[in-house]
Amino acid sequence: LLWECRKAILIKKPKYLLMENVKALVSKKFKAQFNKWVEELESYGYSSKWAVLNSKSFGVPQNRERVFLVSILGDETFNFPQPFPLERRLKDVLESNVDEKYYLSDKLITSLMQDCGGVKGMRPSTPPHDGIASCLLARYHKMGRTDNYIQD
């Protein structure tokens, strides 16, 4: 979709562009395409800076790394903010009274907790390394990831 954004950028020429995406965008597999996008923006007069930032480093009680690209038309400069210590945990932001319609049924919990064809469900096997929940991804059921749970 980045290349579809190019149309709007060329027509509107916004002063600021902000892109946020998965960390894999700057991995070996996709880095060449990412660099090509940055070069394309530079050819339109944008200066760009990018960084992989983790939400837990900016006050959000979730361990989620994302790549951010900030592009500015003209001579203005940009610096990413400095990380700061996480002071809140997930339990600090969860509601204490949640309607039962949002609870999982016993049948679904049983299904998630059992082994299905050699792929484990959401059964916790090891505690989180730093007490911060990982980002829950739909693909984890294929990867056998088992560390996405809330420890009370």
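Bear in mind the structure is a predicted one, so any value in this text is a computation, not a measurement.
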Smallest heavy-atom separation, Met19 atom then Phe34 atom, equals CE-CE1, 3.6 Å
Please list, chain by chain and in numerical order, all residues satisfying ring pair (Phe, Tyr, Trp, His ring centres under 6.0 Å) with Phe58, sequence neighbours excluded. none
All pairs passing salt bridge (Lys or Arg N to Asp or Glu O under 4.0 Å) where residues 28-48 contributes a residue, at least two apart: Arg6-Glu40
Under 6.0 Å from the CD atom of Glu95, do we count more than 12 heavy atoms belonging to anything else shown? no
Carefully, step by step, assess Tyr16 and Val70 under the rule side chain to side chain contact (heavy atoms under 4.5 Å, CB included). CA-CA 7 Å; Tyr16 304 100; Val70 176; 5.8 Å; no
Between Val22 and Arg66, is the side chain to side chain contact (heavy atoms under 4.5 Å, CB included) condition met? List the steps. CA-CA 5 Å; Val22 296; Arg66 304 289 282 184; 3.2 Å; yes
Lys15, NZ atom: more than 12 neighbouring heavy atoms under 6.0 Å: yes
Does atom CG of Asp92 have more than 12 heavy-atom neighbours, drawn from other residues, nucleotides or ligands, at distances under 6.0 Å? yes
So CH2 of Trp50 and CZ of Phe80: to nearest 0.5 Å the spacing works out to 9.5 Å
From CA spacing to verdict: side chain to side chain contact (heavy atoms under 4.5 Å, CB included), Leu41, Ile9: CA-CA 9 Å; Leu41 292 175; Ile9 293 167; 4.1 Å; yes
Kindly indicate whether the side chain of Lys49, heavy atoms from C-beta on, has any atom under 4.5 Å from the side chain of Asn79. yes
Would you check if the side chain of Lys56 reaches a backbone N or O of Leu86 as a donor-acceptor pair within less than 3.5 Å? no
